[in-house]
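Excluded from the calculations below are hydrogen atoms, water molecules and symmetry mates; all remaining heavy atoms, backbone and side chain alike, are included. These numbers come from a predicted model, not from an experiment.
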Amino acid sequence: MQSLLKLAELAKSYFAPEASLEILEKTLPSFGPTNLDKNVSVVSLMCVFLPTDRVPSSPSNMLSKFSQHMDVDSSETESRPFFWIPIIFSLWALVNNSQSFDAAIFDLIGSLAEDQVGTPNYVKWNESHVCRIFSAIMDHLQLPVGSASTSGTNTGGGGRAAAEAAASGGSGSGAAVVSALAGSFTGVNLSSQGSQDFYESVRRNKFEMAAKFVINTIYNETDVAPKTNTLKHLKDLILAIESFFHPSNQ
């Protein structure tokens, strides 16, 4: 399994521009809001296969229909060369309390931000993307704020509370490759532990991947740079966790 996943990651550098469409058309229909374990595997496959170093072909009719089903504004997908960004964030909004799913997203968008750091208009990051990432980072820190704490799952409590306190001033051919390899994934154990093991085999450190997004979305204020306010959010993050590193809290 790990050898096949490594092969896929190395091979995607040679995928044609239309491969992104083929990959999404293969994986997106398997996504369902009620099957968390399978969804982690689906987004993990996207993370492994989707090329982030080249602009994909324009979306197909099938993908446009899927976007409509997901209530994704068509203008959002058509206005950026990397049309699948709004789709990924819409899928993410459907899944809560899954650190494995969050980590897979960190991996995918961290790689995209790094590969497209010199061409931000290809991706068109916006404020909502940055807010979502920093909110997830805070949740993964599992800070015990008040009575809220996390243990192995993402509850969305402590991290967001700390971030809000800081923000307010407080201290607190691609198709052939995909088909061949996807056939090898049909035997993947989709139990909770099996899904976790599946992603653990491909993911890097989740905070390292999230940091890639943060670092590569800090731009000078110019007319062409996306308005992400990443530095402001990074400052809020530091303020939110600063008190937890005080010697009295060790």
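- Minimum interatomic distance between Pro51 and Arg54 (heavy atoms only, all atoms of both residues): CB-CG, 4.1 Å.
- Side-chain contact between Glu18 and Pro56 is absent, with no heavy-atom pair separated by less than 4.5 Å.
- Leu24 places a side-chain heavy atom less than 4.5 Å from the side chain of Phe83.
- The shortest distance between side-chain heavy atoms of Ser44 and Val40 falls below 4.5 Å.
- Side chains of Met46 and Leu28 form a contact here, defined as non-hydrogen atoms less than 4.5 Å apart.
- Leu141 and Ile238 fall within the same hydrophobic cluster, defined by Ile, Leu, Val, Met, Phe, Trp and Tyr side-chain heavy atoms under 4.5 Å apart, directly or through other members.
- Remark: Ile215 pairs with no residue by the side-chain contact (heavy atoms from CB on, under 4.5 Å) rule, at least two apart or across chains.
- Remark: aromatic rings of Phe213 and His129 are distant, center separation not under 6.0 Å.
- Contacts of Ser128 classified as side-chain contact (heavy atoms from CB on, under 4.5 Å), with partners at least two apart in sequence or in another chain: Asn126.
- Here the shortest heavy-atom pairing between Ile137 and Phe207 reads O-CE2, 4.2 Å.
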Check the pair Leu108 / Trp84 against side chain to side chain contact (heavy atoms under 4.5 Å, CB included), numbers first and verdict last. CA-CA 11 Å; Leu108 179 59; Trp84 45 262; 3.9 Å; yes

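- Taking CG from Leu237 and CD1 from Ile133, the interatomic distance works out to 12.5 Å, rounded to the nearest 0.5 Å.
- Between atom CG of residue Leu45 and atom OG1 of residue Thr27 there is a gap of 7.0 Å, rounded to the nearest 0.5 Å.
- Applying the salt bridge (Lys or Arg N to Asp or Glu O under 4.0 Å) test to every pair with at least one member in residues 111-122, sequence neighbours left out, gives these pairs: Glu114-Lys212.
- Using a 4.5 Å cut-off on side-chain heavy atoms (C-beta onward), Thr230 and Tyr219 make no contact.
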Output, in order, the C-alpha distance, side-chain angles, deciding distance and verdict of side chain to side chain contact (heavy atoms under 4.5 Å, CB included) for Ile105 and Phe89. CA-CA 9 Å; Ile105 296 291; Phe89 276 85; 5.6 Å; no

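- Exactly one residue among Val123, Ile109, Leu112 makes a side chain to side chain contact (heavy atoms under 4.5 Å, CB included) with Thr52. That residue is Leu112.
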Derivation and outcome, side chain to side chain contact (heavy atoms under 4.5 Å, CB included), residues Leu50 and Lys12: CA-CA 7 Å; Leu50 275 178; Lys12 71 180 180 182; 5.9 Å; no

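- Take Ser20 and apply the side-chain hydrogen bond (donor to acceptor under 3.5 Å, both in side chains) test, not counting sequence neighbours, and it matches no residue.
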Taking it one step at a time, do Gln99 and Gln142 satisfy side chain to side chain contact (heavy atoms under 4.5 Å, CB included)? CA-CA 11 Å; Gln99 290 201 0; Gln142 300 183 12; 2.8 Å; yes

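- Expressed to the nearest 0.5 Å, how far OG of Ser135 lies from NE2 of His233 amounts to 10.5 Å.
- Atom OH in Tyr122 sits 15.0 Å away from atom CD1 in Ile85 (nearest 0.5 Å).
- Ring planes of Phe15 and Phe49: parallel class, angle under 30° (limits at 30 and 60°).
- Looking at residues two or more places apart in sequence or on another chain, you find no side-chain hydrogen bond (donor to acceptor under 3.5 Å, both in side chains) involving Ser57.
- In this structure, OG in Ser98 is found 11.0 Å from CH2 in Trp92, a value given to the nearest 0.5 Å.
- Side chains of Leu91 and Phe31 form a contact here, defined as non-hydrogen atoms less than 4.5 Å apart.
- Going from atom CG of Asn229 over to atom CG of Leu234 covers 12.0 Å, rounded to the nearest 0.5 Å.
- Thr217 and Thr228 are not linked by any side-chain donor-acceptor pair at a separation below 3.5 angstrom, with hydrogens and angles left out of the test.
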